[in-house]
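Here the structure is a predicted model, which is why all the values come from computation and not from measurement. Heavy atoms only: backbone and side chains are in, while hydrogens, waters and symmetry mates are out. Whatever order the structure lists ligands and atoms in, that order sets their numbers, starting from 1.
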Amino acid sequence: MSFQEIPILDLQEAFDKSTKPQFLAKLQDAVINVGFLLLKNYESLGPTKEELEAIKQQSFEFFALPDNVKQQVEMINSPHFLGFTRLANEITASHTDWREQIDLATELPAPKAGEPLYRNIEGPNLWPDANEIPNFRSTVETFITKMTRLSNTFKDLVAESIGIDPKVLNEYFKPNQQCKMKLIAYPDVSQLTSTKSVALDDTPETNQGVGPHRDSDLITYIYQATEHQNSLEVQNFQGKWIAVPNIAGHLVVNNGQTLQAITQGVAKATIHRVLIPEAGSGTRISIPFFQTIDLDSSKAAVESIPKEVLALKEERDKKIKDWGVDTGFQFEPDVTKEPIGHAVFRNRIKSHQDVAKKWYPEVLEQVLREYVH
Ligand SMILES: O=C(O)CCC(=O)C(=O)O
Ligand SMILES: [Fe+2]
């Protein structure tokens, strides 16, 4: 039977010699057989309770800003796919996502002319007007700093749990590695009655906050900031949707396709989705942080994975094959052909076609030819 619940891990167990083996065993099982876990007791590296509360407050403030203020930082103004996406203007799995969001990242300069196009994934943020929301930038930057620190340690533990020397993983990173994040607001269904879908002729009857997808990054860390339950769901390998419990102080951690690719498929990038919050439950705020690797990396998968670990992967995949469940089209990285940035860039183009039309019309055309709705 495929997983029926999301395992909970206590990060402090990793820092005590007597509990580390059991921590790594639980982590290995989560990474190979689930693709998701809940993480607690991470404050020594990650954000504190107060810092989480602060970013939640800034999210509410940001989404409450007048439309014209939010639209000053609309993603269409950024060749780096950073900035605000208005409600119902994003597509996943051929349907409208009933959410609004702002994409933010480690503050980096834009690439120079002549560099590969995909390096435009990196660049400066579009910060909302500080007169309107004065504490926004500093709160976001603190959050990025803390999450970067936590994720740097956590990826080493993930590597260790599947028998990879963490030093090998470090070769996929560069100094000042970009990390990305989003503040997302999912209005509850009662707030969506007069809203029109921008991208497609769709209605909230799809119940799609965000459609089924795999993340394309290395590892994602999600802070479910409001108390909504039964919103974020994970598809187990028999096709059953399992709700990710929302427990105060626990971060959701999940594998992305990059981790899957560089671990020879040992780590599974599990499909997940978000449902529209129930009427009267209020707007759901969620804050995912995406740990990414050097876009220029063409380094193939790690070779030095122990046989016992590869055997666990085979065992899992054999069952998935028998169950016959997998869905969704996405550009999957194939580092033997192109640097990882190639696939990441094309996934951004597919998700934000209006931005792509303005900045990369030719690549958009290619992407649309390869991708059938
Ligand atoms: O809203 C959430 O909790 C998760 C969102 C998500 O899966 C994503 O943006 O990739
Ligand atoms: Fe996701």
Q: Report the part of His213 (side chain from C-beta onward, or backbone N, CA, C, O) that has a heavy atom under 4.0 Å from ligand 1; answer both or neither where that applies.
A: side chain
**Q.** Within reach of ligand 1, part of Val252 (heavy-atom separation under 4.0 Å)
**A.** neither
Q. Could Lys155 and Tyr172 be counted as a cation-pi pair, given that NZ or CZ must be under 6.0 Å from the ring centre and within 45° of the axis?
A.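 That pair does not qualify as a cation-pi contact.
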Protein heavy-atom partner closest to [atom] - residue, atom, separation in Å:
atom                   : result
atom 2 (C) of ligand 1 : Ser286 OG, 3.2 Å
atom 9 (O) of ligand 1 : Arg99 NH1, 3.2 Å
atom 1 (O) of ligand 1 : Tyr186 OH, 2.5 Å

Which atoms of ligand 1 have any heavy atom of [X] under 4.0 Å away?
X      : result
Ile222 : 3 (O), 4 (C)
Val274 : 1 (O), 2 (C), 4 (C)
Arg284 : 1 (O), 2 (C), 3 (O)
Lys182 : 9 (O)
His272 : 7 (O)

**Q.** Residue of the set Val34, Ile219, Thr220 for which side-chain contact (heavy atoms from CB on, under 4.5 Å) holds with Asn254
**A.** Thr220
Q) When you check the space around the Fe ion (ligand 2), which protein N, O or S atoms turn up under 2.8 Å? A) His213 NE2, Asp215 OD1, His272 NE2
Student check: side-chain heavy atoms of [X] and [Y] closer than 4.5 Å:
X      : Y      : result
Arg346 : Tyr118 : no
Val252 : Leu38  : yes
Thr148 : Phe289 : yes
Phe143 : Val140 : no

Q) Under 3.5 Å, is there a donor-acceptor pair between the His228 and Thr226 side chains? A)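 There is such a pair (donor and acceptor under 3.5 Å, judged by atom type) between the side chains of His228 and Thr226.
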Q | Donor-acceptor contact present, side-chain Arg316 to main-chain Asn33, <3.5 Å | A |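 No.
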Q: Answer yes or no: does atom CD of Gln4 have more than 12 heavy-atom neighbours from other residues, nucleotides or ligands under 6.0 Å?
A: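 Yes, CD of Gln4 has more than 12 neighbouring heavy atoms, counting only those of other groups under 6.0 Å.
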Q. So, for Tyr360 and Phe345, is the gap between ring centers shorter than 6.0 Å?
A.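 Yes, the ring centres sit under 6.0 Å apart.
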Q. Is there a heavy atom of Gln224 sitting under 4.0 angstrom from any atom of ligand 1?
A. no
Q | Residues that Arg99 engages under salt bridge (charged side-chain N to carboxylate O under 4.0 Å, His left out), provided they are two or more places apart | A | Glu90
